[in-house]
Amino acid sequence: MKHTGDSEPDELGLSLKEAISASISRGKLVPGATNDINSSSMVPTFANPLWKEMVVLSKRSILNSKRMPELFGTRLAAVLVTGFILATVFWQLDNSPKGVQERLGFFAFAMSTTYYTCADALPVFLQERYIFMRETAYNAYRRLSYVISNALVALPGLIFLSFAFAMATFWAVGLDGGLSGFLFYFLMMFASFWSGSSFVTFLSGVVPHVMLGYTIVVAILAYFLLFSGFFINRDRIPVYWIWFHYLSLVKYPYEAVLQNEFENPTKCFVRGIQIFDNSPLGVVPPAMKVRLLQSLSNTLGMRITSSTCLTTGLDILKQEGITDLSKWNCLLITVAWGFLFRILFYFSLLLGSKNKRS
């Protein structure tokens, strides 16, 4: 029996590239067009297995990235410039009460920066939306393949950005922990970039316009920073806003790096007369501070000298209200946020594909 042109694709099958080409060339299943029976039967339900779709889509994304290297270059430059500024502003912080406050400020700014630099991922899907709708309407590939390949292609760049920022800041600022502390700091940076990139990718599947998306991203990230625990401790947040504290993407990285810095119980940050540094008595001459310390010792009935440790890193964590989660739990939660937003991105594609085949 002679095969017609319309029946050959069903029996022989099409490669993914041919299916994509067919969807682009015919274009009869885009929004506003009628679904012709013959054209909708030109390809099988899906022409290729999931893994092959992921490979082809990943190669296409990599090729598009190579054609526009300035996008990643700009993002890397922003991370390096920010890291350089932070490293020079917070250069080699000491272990004094002022050094503690400066560390808190550094960590809050550093963690929020990782999320703001992910905003450039917003236009990626918005620019590809029309092509994506056409191709998935013709069943050229699964939406799941697109989501997974999108995440996999993003990972190497996120790892590189995380390592660059960690290298630029960790030793320059004088953070604690040695090599193990640096490795956790790097992992936390990567988790932050991952969750931030996933969050912005999800928004790109929901928000139809780039400028509107940027406005929403900036606003929400500002709220995340506000409720992260830096500006106001968890136990001081009003009960009707405490839920936002636990939804804050900045909360978990911020608490993790603080624990990484202050978890050493033998490291002291306030000794003897340093107790007066953050008070009006800080301007009093050192000799007067020693006498005040002696008076305080007599009143309390305990010996406090200029070398007596009064505040350790664990005390600082308690003062900041960081007592409910370990740093590894914070790391896992941050990574989980990234996966959750990728899942939500997938569902946004499903709900947004009004022209999908029946």
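Note that the structure is predicted; figures quoted are calculated from it, not measured.
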Would you give me the side-chain donor-acceptor pairs under 3.5 Å for residues 64-71, sequence neighbours excluded?
from	atom 1	to	atom 2	distance (Å)
N64	ND2	R60	O	3.3
S65	OG	S61	O	3.0

Handout entry: Closest non-hydrogen atom pair between S204 and R129, with its separation
Key = O-NH2, 3.0 Å
Handout entry: S197 (side chain) donor-acceptor with F193 (main chain) under 3.5 angstrom
Key = no
Practice task
Measure the spacing between CD1 of I237 and CD1 of I232 and express it to the nearest 0.5 Å.
Solution key: 5.5 Å
Handout entry: I62-L76 co-clustered via ILVMFWY side chain contacts under 4.5 Å
Key = no
Handout entry: SB check D176 R103 (cutoff 4.0 Å)
Key = no
Handout entry: Check: N48 side chain, E53 main-chain N or O, donor-acceptor pair, under 3.5 Å
Key = no
Fill in the blank from the handout: Residues at least two apart in sequence or cross-chain that pass side-chain hydrogen bond (donor to acceptor under 3.5 Å, both in side chains) with T114, listed by chain then number, are none
Handout entry: Sidechain-backbone polar pair: S198 side chain, G338 backbone, donor-acceptor under 3.5 Å
Key = yes
Exercise for the section: Indicate yes or no: at least one non-hydrogen side-chain atom of S248 is less than 4.5 angstrom from one of H245. Expected result: no
Exercise for the section: Start with the C-alpha distance between T305 and T308, add both sets of side-chain angles, then the distance that settles side chain to side chain donor-acceptor pair (under 3.5 Å), and finish with yes or no. Expected result: CA-CA 5 Å; T305 66; T308 302; 3.0 Å; yes
Handout entry: Residue of the set V56, V55, L50 for which side-chain contact (heavy atoms from CB on, under 4.5 Å) holds with S145
Key = L50
Practice task
Following the transitive rule for hydrophobic clusters with a side-chain heavy-atom cut-off under 4.5 Å over Ile, Leu, Val, Met, Phe, Trp and Tyr, establish whether V173 and W91 coincide in one cluster.
Solution key: no
Practice task
Kindly work out whether a path of hydrophobic side-chain contacts (I/L/V/M/F/W/Y, heavy atoms less than 4.5 Å apart) joins L332 to V250.
Solution key: no
Exercise for the section: Start with the C-alpha gap between F132 and F125, add the side-chain angles, then the distance that decides, and say whether ring-ring contact (aromatic ring centres under 6.0 Å, His included) holds. Expected result: CA-CA 9 Å; F132 170 83; F125 176 71; 5.5 Å; yes
Practice task
For D235 and G321, indicate whether the former's side chain and the latter's backbone hold a donor-acceptor pair under 3.5 Å.
Solution key: no
Exercise for the section: Group every Ile, Leu, Val, Met, Phe, Trp and Tyr by side-chain heavy-atom contacts under 4.5 Å, then state whether Y240 and L226 land in the same group. Expected result: yes
Practice task
State whether the side chain of T136 and the backbone N or O of N139 hold a donor-acceptor pair below 3.5 Å, judged by distance alone.
Solution key: no
Exercise for the section: With rounding to the nearest 0.5 Å, note down the distance linking CG in L179 to CG in L183. Expected result: 4.5 Å
Problem - Near-ring test W241/F227, centroid separation under 6.0 angstrom - result: yes
Practice task
May I ask you to test the S195-F341 pair for a side-chain heavy-atom distance under 4.5 Å?
Solution key: no
Problem - Approximate separation, where rounding is to 0.5 Å, of Y346 OH and I148 CD1 - result: 9.0 Å
Problem - Residues R303, S297; criterion side chain to side chain donor-acceptor pair (under 3.5 Å); working and verdict - result: CA-CA 5 Å; R303 186 169 182 268; S297 299; over 6 Å; no
Exercise for the section: Specify the closest pair of heavy atoms between A191 and V335, including all atoms of both residues, with the distance to one decimal. Expected result: CB-CG2, 3.8 Å
Practice task
List the steps, then state whether side chain to side chain donor-acceptor pair (under 3.5 Å) holds for S295 with N298.
Solution key: CA-CA 5 Å; S295 299; N298 296 332; 5.5 Å; no
Exercise for the section: Using atom types as modelled and distance alone, determine if a side-chain donor or acceptor of N264 lies under 3.5 Å from a backbone N or O of T266. Expected result: yes
Practice task
Check whether any side-chain N or O of T312 sits under 3.5 Å from a backbone N or O of C309 as a donor-acceptor pair, and report yes or no.
Solution key: no
Exercise for the section: Looking only at non-hydrogen atoms, find the nearest pair between S149 and L57 and report the distance. Expected result: OG-CB, 3.5 Å
Completion exercise
CD1 (I273) and CG (L310) are apart, to the nearest 0.5 Å, by 11.0 Å
Exercise for the section: Could you tell me whether a side-chain N or O of Q92 sits under 3.5 Å from a main-chain N or O of A172, the two making a donor and an acceptor? Expected result: yes
Practice task
Apply side chain to side chain contact (heavy atoms under 4.5 Å, CB included) to the pair M111 and S228, showing each step before the final yes or no.
Solution key: CA-CA 10 Å; M111 292 302 105; S228 64; over 6 Å; no
Problem - Residues that Y116 engages under ring pair (Phe, Tyr, Trp, His ring centres under 6.0 Å), provided they are two or more places apart - result: none
Exercise for the section: Check whether any side-chain N or O of R234 sits under 3.5 Å from a backbone N or O of E320 as a donor-acceptor pair, and report yes or no. Expected result: no
Handout entry: Shared hydrophobic cluster for L152 and L63 (ILVMFWY, side-chain gaps under 4.5 Å)
Key = no
For residues 210-225, which side-chain N or O atoms pair as donor and acceptor with protein atoms under 3.5 Å away, sequence neighbours left out?
from	atom 1	to	atom 2	distance (Å)
T215	OG1	M211	O	2.9

Handout entry: From L175 atom CG to F262 atom CZ, the distance as rounded to the nearest 0.5 Å
Key = 9.0 Å
Practice task
For a salt bridge (charged side-chain N to carboxylate O under 4.0 Å, His left out) with D277, tell me which candidate from K289, K98, R271 qualifies.
Solution key: K289
Practice task
Could you check if a side-chain atom of L247 sits within less than 4.5 angstrom of a side-chain atom of W337, using non-hydrogen atoms only?
Solution key: yes
Problem - Criterion side chain to side chain contact (heavy atoms under 4.5 Å, CB included) on T82 and F109, from CA distance to verdict - result: CA-CA 10 Å; T82 303; F109 193 90; 4.1 Å; yes
Completion exercise
In terms of heavy-atom contacts, S348 and V206 come closest through CB-CG2, 4.1 Å
Problem - Output field: ring centroids F107/Y254 closer than 6.0 Å - result: no
Problem - Any Y252 side-chain heavy atom under 4.5 Å of L325 side chain - result: yes
Practice task
Spell out, as yes or no, whether a donor-acceptor pair under 3.5 Å connects the side chain of R342 to the backbone of V147.
Solution key: no
Handout entry: Separation between CH2 of W194 and CE of M188, rounded to the nearest 0.5 Å
Key = 13.5 Å
Handout entry: Test side chain to side chain contact (heavy atoms under 4.5 Å, CB included) applied to L249 and T334, step by step
Key = CA-CA 7 Å; L249 296 184; T334 305; over 6 Å; no
Compile the donor-acceptor pairs under 3.5 Å between side chains in residues 157-171 and protein atoms, sequence neighbours left out, one pair per line.
from	atom 1	to	atom 2	distance (Å)
S162	OG	L158	O	2.7
S162	OG	F190	N	3.3
T169	OG1	F165	O	2.8
T169	OG1	Y185	OH	2.8

Handout entry: Any Q274 side-chain heavy atom under 4.5 Å of F276 side chain
Key = no
Problem - Set of residues satisfying side-chain hydrogen bond (donor to acceptor under 3.5 Å, both in side chains) with respect to E128, sequence neighbours excluded - result: Y146
Handout entry: Check ion pair E255-K327 (N to O, under 4.0 angstrom)
Key = no
Problem - From CA spacing to verdict: side chain to side chain contact (heavy atoms under 4.5 Å, CB included), V89, F106 - result: CA-CA 9 Å; V89 170; F106 165 77; over 6 Å; no
